[in-house]
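Single-structure report; data block below.
Sequence lines set the chain letters: A, B, ... in the order given, protein chains first and strands last, and positions in each chain run from 1. We use all heavy atoms of the structure for the numbers below, so side chains are in, but hydrogens, waters and symmetry mates are not.
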2 protein chains.
Amino acid sequence: MNASNGKVPMPTLERLANYLRYLLDLEQERVETISSAEVEQQTGINAAQFRKDLSYFGEFGKPGVGYNVAELQSRIAHILKLDQEQRVLLVGAGNLGSALVGYPGLKEHRFNLVAVFDNNYSKIGRKLWDLEILDLGRLKEVNAVLRARMGILAVPRVAAQSVAEGLVDAGVDSILNFAPLILRVPPHVVVRNVSFVQELAVLSYHLSSEPPQHALDAKG
Amino acid sequence: MNASNGKVPMPTLERLANYLRYLLDLEQERVETISSAEVEQQTGINAAQFRKDLSYFGEFGKPGVGYNVAELQSRIAHILKLDQEQRVLLVGAGNLGSALVGYPGLKEHRFNLVAVFDNNYSKIGRKLWDLEILDLGRLKEVNAVLRARMGILAVPRVAAQSVAEGLVDAGVDSILNFAPLILRVPPHVVVRNVSFVQELAVLSYHLSSEPPQHALDAKG
DNA sequence: TCAACTCTGTGAACTTCTTCACAATCGGGT
DNA sequence: ACCCGATTGTGAAGAAGTTCACAGAGTTGA
């Protein structure tokens with residue numbers, strides 16, 4: 001009775017994509033039905049958490065039975081709009097950008113990289129996999145046709161803010177930002193940040209004084 | 001008086017790396033002193049949040065004055081152990097692995113990629129930038145010498161769990177995981193996950209029925 | 001038909017994180 | 001020497017997220 005009205009906690013949304021991945025595996029294994037208790041056992045995510053996450057979007061299971069894997073999978077995909085093509089612009093044809101174009105996970109989830117931009121004239125015109133690298137200056141013009149609403153920012157930090165503004169100007173309202181800085185964008189634009197260094201720093205912090213395990217190994 | 005005893009909230013740790021990045025910028029601009037109010041103005045992070053985050057680790061500022069940029073920068077780097085070399089193993093010499101080896105941000109923060117492994121015999125022996133790609137089977141043997149405690153997992157999903165176990169067996173106790181699955185590891189091991197698809201899915205969800213901005217543009 | 005069992009959906013309790021608000025401190029000006 | 005404006009560090013309030021615990025719905029078997 002909660003269904004999708006009020007607003008959904010961000011952690012719930014983040015977990016939804018995990019559930020989807022997990023359900024796709026179960027489907028592959030021909031599992032038809034799953035209970036929240038089994039989800040907890042197999043993924044480590046608390047069963048009540050799983051149920052409550054789903055409850056934000058309606059009722060998905062049958063008491064006494066559990067959840068139909070195929071149905072749940074497809075309903076989550078629908079919630080996340082992963083059941084329709086999403087056109088995505090990529091800015092930055094460096095190492096990272098190149099890796100993203102080649103990453104098969106995007107296509108699998110219907111994210112379609114429709115154009116790659118760079119401002120480096122030695123790259124413009126070349127191909128990155130099957131996409132021609134376009135002049136960053138043509139961003140707005142090109143997206144007037146493509147009408148992508150998602151953008152990936154894989155440029156150096158100093159360029160990121162101005163490129164973000166270019167993306168917004170070109171009609172993009174969701175940005176995945178790989179540059180290590182906080183982007184300032186208009187309120188209607190949603191930004192998600194991915195920072196390798198931040199993640200490594202958190203790991204580094206946890207490398208406390210615990211002795212490495214090596215010494216404990218005693219092997220024949 | 002809170003200093004570093006109790007345990008630190010995860011969101012605080014995540015923000016610490018951002019503060020560091022920001023402080024390095026300020027240092028470059030020759031800013032000597034900064035107040036929490038200025039931090040809020042420039043980064044959007046609430047001033048009280050900034051102060052409380054720091055308070056978990058001691059006292060860093062002077063009332064009526066603010067924080068000394070250089071000192072704060074170096075103390076945060078110390079907290080995160082970014083003031084000393086951290087040796088890191090990379091597993092997976094694909095597109096993503098390759099991009100990571102070439103990513104300058106790692107070296108800048110003293111993360112030192114000391115070895116790259118892959119199980120693909122057509123890759124083993126080749127060079128990725130300046131590092132030779134080693135046989136994944138030699139992971140433990142090699143790390144007995146290198147003694148890295150951090151590992152980056154940039155392998156396909158199906159291989160990730162077993163490679164993670166290999167890393168742990170080789171003495172690694174911090175893992176940065178790029179494969180879209182929940183790794184099962186012993187309790188002393190810390191894992192951070194980076195999932196492009198998850199991030200894009202969250203963005204995709206937010207692409208609600210708002211009309212794209214294109215139509216609103218009325219240009220000469 | 002009914003009893004025994006399973007499992008969902010959710011209010012309520014609990015835990016964690018964020019923000020407020022203010023006493024305590026500092027530095028500068030006179 | 002003292003006052004005044006600025007700014008910190010932190011208890012306490014508030015908001016957000018997680019987990020508990022149970023009523024109620026469904027299923028199975030006799």
Original post:
Would B/Phe50 and B/Tyr67 count as a ring pair (Phe, Tyr, Trp, His ring centres under 6.0 Å) if you check the C-alpha gap in whole Å, the side-chain angles of each, and the deciding distance to 0.1 Å?
Top reply: CA-CA 11 Å; B/Phe50 178 78; B/Tyr67 301 85; 5.4 Å; yes
**OP:** Please check if the side chain of A/Glu14 supplies one atom and the backbone of B/Val202 the other of a donor-acceptor pair under 3.5 Å.
**Re:** no
Original post:
Taking all non-hydrogen atoms of both residues, which atom of A/Ser174 and which atom of B/Leu207 are closest, and how far apart?
Top reply: OG-CD2, 3.3 Å
Original post:
To the nearest angstrom, how far is A/Ile34 atom CD1 from C/dT6 atom C1'?
Top reply: 15 Å
Original post:
Taking B/Asp83 as the fixed residue, which of B/His109, B/Arg75, B/His78, B/Arg110 is the one that meets the side-chain hydrogen bond (donor to acceptor under 3.5 Å, both in side chains) rule?
Top reply: B/His78
**OP:** For C/dC7, take OP1 and OP2 only and decide whether either is under 4.0 Å from a side-chain N or O of A/Ser36.
**Re:** no
**OP:** Report the distance from atom NZ of B/Lys7 to atom P of C/dT15, rounded to the nearest whole Å.
**Re:** 12 Å
Original post:
What's the CZ-C1' distance between B/Phe50 and C/dC17, to the nearest Å?
Top reply: 18 Å
Subject >> nucleotides 18-27 of chain D: protein proximity per nucleotide (B base, S sugar-phosphate only, - neither; heavy atom, under 4.0 Å) >> reply: SBBB--BBSS
**OP:** Would you mind reading off the distance between B/Asn68 atom CG and D/dT8 atom P, rounded to a whole angstrom?
**Re:** 13 Å
Original post:
Which whole-number value in Å describes the distance from A/Glu71 CD to C/dT8 P?
Top reply: 14 Å
**OP:** Send over the distance from A/Met10 CE to D/dA16 P, rounded to a whole Å.
**Re:** 13 Å
Subject >> Whole-Å distance separating the CD atom of B/Glu59 from the C1' atom of D/dT10 >> reply: 10 Å
Subject >> Nearest-angstrom distance from the residue atom CG of A/Leu54 to C1' of D/dG17 >> reply: 16 Å
**OP:** Describe, in one word, how the ring planes of B/Phe196 and A/Phe196 are oriented to each other, choosing from parallel (under 30°), tilted (30 to 60°) and perpendicular (over 60°).
**Re:** tilted
Original post:
Is there a donor-acceptor contact under 3.5 Å linking the side chains of A/Glu165 and A/Ser162?
Top reply: no
Original post:
Between A/Tyr67 and C/dT6, is there a side-chain N or O to OP1/OP2 distance below 4.0 Å?
Top reply: no
